[in-house]
**Q** 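Sharing a structure below in structure tokens format, with a few things to ask.
Proteins come first, then strands; the chains are lettered A, B, ... in the order of their sequence lines, and each starts at number 1. Quick note: numbers below take in every heavy atom, side chains included, and nothing from hydrogens, waters or symmetry partners.
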There are 2 protein chains.
Amino acid sequence: MANAAHAFAALADPTRRAVFERLARGPRAVGELAKGLPVSRPAVSQHLAVLKEAGLVKDQADGTRRLYRIDPAGLGVIRAWLDRFWEDSLASFKTELEAAMRKEQRP
Amino acid sequence: MANAAHAFAALADPTRRAVFERLARGPRAVGELAKGLPVSRPAVSQHLAVLKEAGLVKDQADGTRRLYRIDPAGLGVIRAWLDRFWEDSLASFKTELEAAMRKEQRP
DNA sequence: GAGCGGCGTTAGCCATGACTTACACATGGC
DNA sequence: GCCATGTGTAAGTCATGGCTAACGCCGCTC
């Protein structure tokens with residue numbers, strides 16, 4: 001749980017991204033989230049379970065309700081994956097560029 | 001094309017991430033990529049089309065072959081989405097913290 | 001131009017998952 | 001204790017998409 005695969009899969013769904021973006025504006029309960037979305041409450045609950053599994057949200061009991069908030073861990077995983085990847089691709093570009101320059105130098 | 005939705009959907013698939021990670025080590029042809037993957041060549045071709053649609057890779061004709069390389073645009077879209085989101089969630093955390101401190105101050 | 005290697009595309013199959021309905025459980029107030 | 005509220009879970013349906021097999025197109029080489 002909380003690896004890049006889960007994070008990307010979780011954010012691939014439009015409804016899940018909508019839920020996630022609402023939570024970015026502050027903690028919300030499940031029914032509260034479902035109220036502003038075109039899907040049923042159980043659907044939102046299932047999406048929240050996926051987001052929680054991916055480490056993107058955290059839940060907290062509040063009486064009969066259950067408050068969900070964003071968990072920075074999931075975002076950190078994506079950022080780390082992206083950073084490592086960016087370095088790799090930049091290194092690759094550098095290699096290509098050097099090869100092209102060598103070829104240019106010895107035609 | 002090349003929005004956050006396409007990018008996340010593209011990177012959600014494991015095979016597509018594998019293809020993308022191979023391309024990070026340098027440009028490759030389609031058959032060359034399929035050779036080291038447990039799927040057929042047409043499958044890789046379809047995945048590359050999705051990655052291209054998402055702005056994550058670029059293609060370049062090379063005789064009968066077709067070289068694919070990473071396109072920084074797609075990674076940039078994800079990074080931008082992540083940065084904006086990070087700020088939002090951090091702002092949310094700050095708001096919560098301030099509210100908690102006010103409640104602490106006036107119990 | 002005939003043969004060949006490398007890719008993209010289509011059709012179809014099949015597994016995954018998103019959704020709803022219905023049900024079961026926990027908490028709070030009367 | 002009892003009902004209402006809020007939520008998670010199970011079963012079932014349906015659409016999406018990843019995969020393969022088969023085909024057609026385009027460059028290269030002889």
**Q** State plainly whether one hydrophobic cluster holds both B:Ile78 and A:Trp81, where clusters connect Ile, Leu, Val, Met, Phe, Trp and Tyr through side-chain heavy atoms under 4.5 angstrom apart.
**A** yes

**Q** Taking the nucleotide of DNA chain C with the closest heavy atom to each, which residue, A:Asp62 or B:Val30, is nearer the 5' end?
**A** B:Val30

**Q** Have a look at the helix from C:dG1-D:dC30 to C:dC30-D:dG1 and give the angle its two end axes make, five pairs each, rounded to 10 degrees.
**A** 20°

**Q** Roughly how many Å is it from CZ in A:Arg66 to P in C:dC25, rounded to a whole number?
**A** 17 Å

**Q** Rounded to the Å, how far apart are A:Tyr68 OH and D:dG6 C1'?
**A** 12 Å

**Q** Without decimals, in angstroms, what is the distance between B:Leu37 CG and C:dC7 P?
**A** 14 Å

**Q** Parallel, tilted or perpendicular: which one describes the rings of B:Phe8 and A:Phe8, with boundaries at 30° and 60°?
**A** tilted

**Q** Along nucleotides 11-23 of chain D, 5' to 3', which nucleotides get a B, which get an S, and which get a -, given that the test is a protein heavy-atom distance under 4.0 Å?
**A** -------SBBBB-

**Q** Starting at CG of B:Leu51 and ending at P of C:dG8, how long is that distance when rounded to a whole Å?
**A** 12 Å

**Q** Just one of B:Lys52, B:Arg69, B:Arg65 clears the salt bridge (Lys or Arg N to Asp or Glu O under 4.0 Å) bar with B:Asp59, so which one?
**A** B:Lys52

**Q** Rounded to whole angstroms, how far apart are NZ on B:Lys52 and C1' on C:dG8?
**A** 11 Å

**Q** To the nearest Å, how far apart are A:Glu32 CD and D:dT7 C1'?
**A** 14 Å

**Q** Does A:Asp13 form a side chain to side chain contact (heavy atoms under 4.5 Å, CB included) with A:Val50? I'd like the steps, not just the answer.
**A** CA-CA 11 Å; A:Asp13 185 74; A:Val50 175; over 6 Å; no

**Q** C:dC19 C1' sits how many Å from A:Leu48 CG, rounded?
**A** 15 Å

**Q** Counting only side-chain N and O atoms of A:Ser45, is one of them less than 4.0 Å from OP1 or OP2 of D:dG8?
**A** yes

**Q** So, does B:Arg17 use its side chain to make a donor-acceptor pair with the main chain of B:Ala12 at under 3.5 Å?
**A** yes

**Q** 5'-most contact on DNA chain C: B:Ala29 or A:Gly63, nearest heavy atom basis?
**A** B:Ala29

**Q** Over all heavy atoms of both residues, which pair between B:Leu33 and B:Arg22 is shortest? Give the atoms and the distance, please.
**A** CD2-CB, 3.7 Å

**Q** Mind checking if A:Ala61 touches a base, just sugar-phosphate, or nothing, with heavy atoms under 4.0 Å?
**A** nothing

**Q** Taking all non-hydrogen atoms of both residues into account, name the closest pair between A:Ile70 and A:Pro72 and its distance.
**A** O-CD, 3.7 Å

**Q** Do you know which of A:Leu51, A:Leu56, A:Val57 makes side chain to side chain contact (heavy atoms under 4.5 Å, CB included) with A:Arg16?
**A** A:Leu51

**Q** How far does CG of A:Leu82 sit from CG of B:Leu11, to the nearest 0.5 angstrom?
**A** 9.0 Å

